[in-house]
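Input: a single structure, listed below in structure tokens.
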Amino acid sequence: GSRKLIFLMIIMSVINSVDDVYLLVNLYNTRKEYDVILNKYSEDEERIFRLEKDMYYMQSLTILAAEFKKLEAEGVPVIWRPLHEAAGDYKWGAWFWWGNGGSEVCKKLWRYMYDCFTNEYGLNNLIWVRTAQTSYEGKPADVSYLKDWYPGDDCVDIVGADLYLSKGVSSVDQFNLVNLSVKGKKMVTMSEFGNLPNLDDCYENGALWLYYMNWCAFDENGKPALYSKKSDGTYNWNNSTEDWKQTLQNTLTINRGDLQ
């Protein structure tokens, strides 16, 4: 089966190994927008800062490409989902550095990575997944926003959405929005979720998610948990063991053991 890797890349001052690249959470949420690819420098200090970050970005890609080559040599395909949730909320703004510079910068970062891995390093085992954001001020966004952030059919294989909906809330509208943004040309995945989707509701309404992936959470003792709690004790999401059994045993779910 495919390996799924999510790229929450930290730009670090020193990168020595792939382990460094995988220490991955949000260094770059600062006031400085990452627009080095557009070459917009307002002053020398800013220019030096961005050139330095650009160097480490490219160095990270080189390290990752070497690891992907090893997997390719073993015949392992990788479901590759970089630069996810780039737009954040279209009204409130981005929450990761790769979205801070806006849609044009982010698309250039994506296409640069795609060209680097595909053409420079000749990788042919990556399945490119583009996560689209679906909210504007916490409400369903207009499809034009999704289209504006989309890097292009030629460098995307699958599109998806990260959904943290209340328990029992339908995910059909989000599926339709993402599907519409690419004119039905790509398979659509629920690339992250909190509460499990209602598969019967999805099927009955034509929301045929390719796959769904629960974001990992940990309990108060640091152990993996089926739920995620807020500081006030209420739940971000809460899936029981029985919820999982029913979902995985649903005839609409294809498990790895079902494939021959």
Side-chain angles (χ1 to χ4, degrees), residues 5-13 15 20-65 80-121 123 126 128-138 141-162 177-178 181-182 186 191-192:
L5 301 179
I6 303 169
F7 197 41
L8 302 177
M9 184 174 66
I10 284 184
I11 300 300
M12 294 169 291
S13 58
I15 296 176
D20 289 337
V21 179
Y22 289 156
L23 293 174
L24 298 178
V25 215
N26 308 333
L27 177 66
Y28 200 76
N29 286 323
T30 71
R31 65 174 184 84
K32 297 177 183 289
E33 297 172 349
Y34 194 90
D35 60 10
V36 65
I37 302 298
L38 293 181
N39 296 314
K40 293 181 179 178
Y41 307 120
S42 58
E43 54 188 59
D44 288 343
E45 180 182 6
E46 200 80 353
R47 180 175 183 274
I48 292 170
F49 176 85
R50 288 171 178 163
L51 285 174
E52 183 183 64
K53 298 306 176 189
D54 187 44
M55 178 181 69
Y56 295 129
Y57 179 74
M58 291 186 288
Q59 187 178 359
S60 299
L61 299 188
T62 299
I63 294 169
L64 286 165
W80 177 235
R81 189 169 73 98
L83 310 181
H84 80 307
E85 298 181 11
D89 180 279
Y90 296 110
K91 172 67 173 179
W92 296 326
W95 45 70
F96 292 123
W97 64 261
W98 48 84
N100 283 349
S103 61
E104 292 303 316
V105 173
C106 187
K107 287 187 288 189
K108 288 179 180 291
L109 283 170
W110 179 284
R111 297 194 71 89
Y112 179 86
M113 181 189 295
Y114 181 87
D115 181 69
C116 177
F117 284 164
T118 304
N119 298 318
E120 182 176 349
Y121 292 105
L123 290 166
L126 302 184
W128 291 78
V129 181
R130 176 63 174 174
T131 298
Q133 293 301 90
T134 59
S135 67
Y136 181 95
E137 204 168 9
D142 186 85
V143 70
S144 62
Y145 291 102
L146 283 72
K147 291 180 177 179
D148 182 48
W149 283 78
Y150 184 59
D153 287 343
D154 61 318
C155 57
V156 174
D157 298 310
I158 297 169
V159 291
D162 292 356
L177 180 60
V178 175
S181 73
V182 292
K186 303 290 181 180
S191 41
E192 288 180 25

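Predicted, not measured: the structure shown is a model, and the values here were computed from it. The residues of the chain are indexed from 1 along the displayed sequence.
- Judged purely by atom type and a 3.5 angstrom limit, K186 uses its side chain to pair as donor or acceptor with the backbone of V156.
- D89 pairs by the side-chain hydrogen bond (donor to acceptor under 3.5 Å, both in side chains) definition with S135, not counting sequence neighbours.
- Nearest approach of L146 to S181, heavy atoms of both residues: CB-CB, 3.7 Å.
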message: Between Y112 and D115, does the side-chain contact (heavy atoms from CB on, under 4.5 Å) criterion hold? Intermediate values first, please.
response: CA-CA 5 Å; Y112 179 86; D115 181 69; 5.9 Å; no
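- Classification of R111 and D154 as a salt-bridged pair holds, one side-chain N sitting under 4.0 Å from a carboxylate O.
- Side-chain atoms of T62 and Y121 form a donor-acceptor pair, as typed in the model, at a separation below 3.5 Å.
- Minimum heavy-atom separation, H84 to W98: O-NE1, 2.8 Å.
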query: Given V143 and L177, is the side-chain contact (heavy atoms from CB on, under 4.5 Å) satisfied, shown in steps?
result: CA-CA 6 Å; V143 70; L177 180 60; 3.9 Å; yes
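- Checked against ring-ring contact (aromatic ring centres under 6.0 Å, His included), Y114 has the following partners two or more places apart in sequence or in another chain: W128.
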task: Could you walk me through whether E85 and W95 pass the side chain to side chain donor-acceptor pair (under 3.5 Å) test, one step at a time?
output: CA-CA 8 Å; E85 298 181 11; W95 45 70; 3.0 Å; yes
Trace of the side-chain contact (heavy atoms from CB on, under 4.5 Å) decision for T134 with V178: CA-CA 7 Å; T134 59; V178 175; 3.8 Å; yes
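- Between the CG atom in D153 and the CZ atom in R130 there is a gap of 13.0 Å [rounded to 0.5 Å].
- Rounded to the nearest 0.5 Å, atoms SG (C106) and CZ (F96) are 11.5 Å apart.
- Shown here for L123 and L126, the closest heavy-atom pair between the two residues is CD1-CD1, 4.2 Å.
- The distance from atom CG of L109 to atom CH2 of W97, rounded to the nearest 0.5 Å, is 5.5 Å.
- The shortest heavy-atom contact between G102 and W149 is C-CH2, 3.5 Å.
- For the pair K147 (side chain) and V182 (backbone), a donor-acceptor distance under 3.5 Å is absent.
- Judged purely by atom type and a 3.5 angstrom limit, Y90 uses its side chain to pair as donor or acceptor with the backbone of Q133.
- Closest approach of L61 and F117 over heavy atoms only: O-CE2, 3.2 Å.
- Salt-bridge check for D162 with R81: passed, with a basic side-chain N closer than 4.0 Å to an acidic carboxylate O.
- When all heavy atoms of T131 and S191 are compared, the closest pair comes out as OG1-OG, 3.3 Å.
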